[in-house]
Amino acid sequence: MADIDETKGKETIEELQTEFGKGKIAFGVLDVRKKEDWDQVWSQAETFFGGQVQGFCNNAGIFHETDWMKVKEINMDGMLYGAMLAYDRMGVKNGGEGGLMVITGSMASFLADGFDSAQGSVYSVSKFAVGGLVRSQSSKKIYNIDKVRTVGICPWFVDTNLVRTNTSVGVIESTYKMRVLQPEEVGNAFERLVVEGRPGDMLTVMPGTTFFWPNWNRKLIVLFVMASKISRKVFGISSENIITEQDFLKIGVVTLFLVFLLFHWILSWIGL
Ligand SMILES: NC(=O)c1ccc[n+]([C@@H]2O[C@H](COP(=O)([O-])OP(=O)(O)OC[C@H]3O[C@@H](n4cnc5c(N)ncnc54)[C@H](O)[C@@H]3O)[C@@H](O)[C@H]2O)c1
């Protein structure tokens, strides 16, 4: 385990050593913004394990309503320092055996419109970056080079210090009409992700359900290109004008109607 908070880190290690035994877990001080800390703590871990690190959870993150630079430095730059070091040290390309990296994203890896300020929204910017890195693995091209299975875990709000220091569980639950997750629920989802996650998977953790967020953007590009061309023909929209969401909705309704008519016609034709 590594964290910038040495006091809390050491307390946690003592707790875990009592439960699992000394020698099963160790702690290193790490400021994720410092590349030299990463190098040192990774080497410390290799010494501890007596060989290559095989699994790495890239988790540190903060939220701040105004200090967007700090959010960017910890959540995005720090996450990337860790990830690139993981590829260097575990990657087959550099003589490693491959491994697993779980990066902590968020629902803010998919949604960016719930923030109260532009500065606050940098949290989402940093979590979209997690999506960018994890999804880059879903075509097997990069995975086949490094064999570092990279997956993301994307929880809804969780009852942790991050939430408690910025707002309160009560405020979130009344705003979104949905309960906040307990850390254990994310832990359980994490275990499943470690076993079942394929390179590029982003596991969404919501109260009462977990699911892999479909990676359909490539198919959606083809679908939207087709739908926009059909909309131009059907509604007579000239090439100077932009196809809007409304146009997509309209063409969707027209398509559904045609499918319904076709279905009706087939049923009549076979005499049902
Ligand atoms: N709590 C939520 O609602 C929620 C939801 C989705 C995702 N997340 C993400 O989960 C991850 C963990 O957050 P959490 O909710 O457990 O919050 P937390 O505040 O309990 O834990 C964050 C940890 O990161 C450490 N940290 C902060 N700055 C650091 C730095 N510069 N270097 C090293 N460590 C540093 C803190 O000391 C702390 O131990 C974050 O990436 C967060 O964005 C949280």
Side-chain angles (χ1 to χ4, degrees), residues 1-13 15-16 25 27-42 44-45 56-65 67-83 85-86 101-112 114-115 120-134 150-173 175-176 178-190 193 202-207 210 213:
M1 259 182 61
D3 200 287
I4 198 170
D5 185 343
E6 193 171 359
T7 312
K8 191 88 186 141
K10 285 189 171 157
E11 273 171 33
T12 311
I13 290 298
E15 265 175 47
L16 292 171
I25 183 155
F27 176 74
V29 182
L30 165 74
D31 181 343
V32 293
R33 292 166 292 186
K34 295 185 180 155
K35 193 180 171 312
E36 58 278 15
D37 278 16
W38 275 110
D39 290 332
Q40 201 200 327
V41 94
W42 200 284
Q44 217 179 312
F56 164 49
C57 175
N58 198 349
N59 176 61
I62 61 161
F63 173 78
H64 202 282
E65 195 61 69
D67 196 347
W68 61 270
M69 186 61 92
K70 191 172 177 190
V71 172
K72 179 211 148 260
E73 284 173 357
I74 293 176
N75 296 14
M76 195 159 92
D77 302 347
M79 179 276 291
L80 285 172
Y81 277 142
L85 187 64
M101 171 159 56
V102 182
I103 312 183
T104 308
S106 161
M107 281 308 288
S109 297
F110 309 110
L111 304 171
F115 295 90
S121 78
V122 173
Y123 181 78
S124 198
V125 172
S126 70
K127 294 301 177 181
F128 266 67
V130 173
L133 187 69
V134 172
T150 307
V151 293
I153 187 155
C154 303
W156 174 246
F157 290 100
V158 195
D159 184 6
T160 66
N161 273 345
L162 183 142
V163 162
R164 284 182 232 123
T165 50
N166 288 289
T167 168
S168 76
V169 168
V171 167
I172 290 173
E173 291 187 337
T175 307
Y176 293 99
M178 203 184 311
R179 74 174 173 82
V180 161
L181 293 164
Q182 289 305 309
E184 291 72 20
E185 297 176 270
V186 184
N188 293 338
F190 182 94
L193 177 62
M202 301 276 280
L203 182 68
T204 310
V205 189
M206 297 293 286
T210 55
W213 190 284

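The basis for the numbers below is simple: all heavy atoms, side chains too, and nothing from hydrogens, waters or symmetry mates. In each ligand, atom 1 is the first atom listed, and ligand 1 is the first ligand listed.
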V180: which of V169, V163, V171 passes side-chain contact (heavy atoms from CB on, under 4.5 Å): V169
Does the separation of the ring centres of F110 and F128 fall below 6.0 angstrom? no
Is it true that R179 and E185 have a side-chain N and a carboxylate O under 4.0 angstrom from each other? yes
Can you name the one residue among V158, T160, D159 that meets side-chain contact (heavy atoms from CB on, under 4.5 Å) with L162? T160
With a 4.0 Å heavy-atom cut-off, what residues sit around ligand 1? D3, I4, D5, L30, D31, V32, R33, N59, A60, G61, I62, I74, T104, G105, S106, Y123, K127, P155, W156, F157, V158, T160, N161, L162, V163
For W68 together with Y123, are the ring centres under 6.0 Å from each other? no
Considering only NZ, NE, NH1 and NH2 on the basic side and carboxylate oxygens on the acidic side, decide whether K8 and D3 come within less than 4.0 Å. no
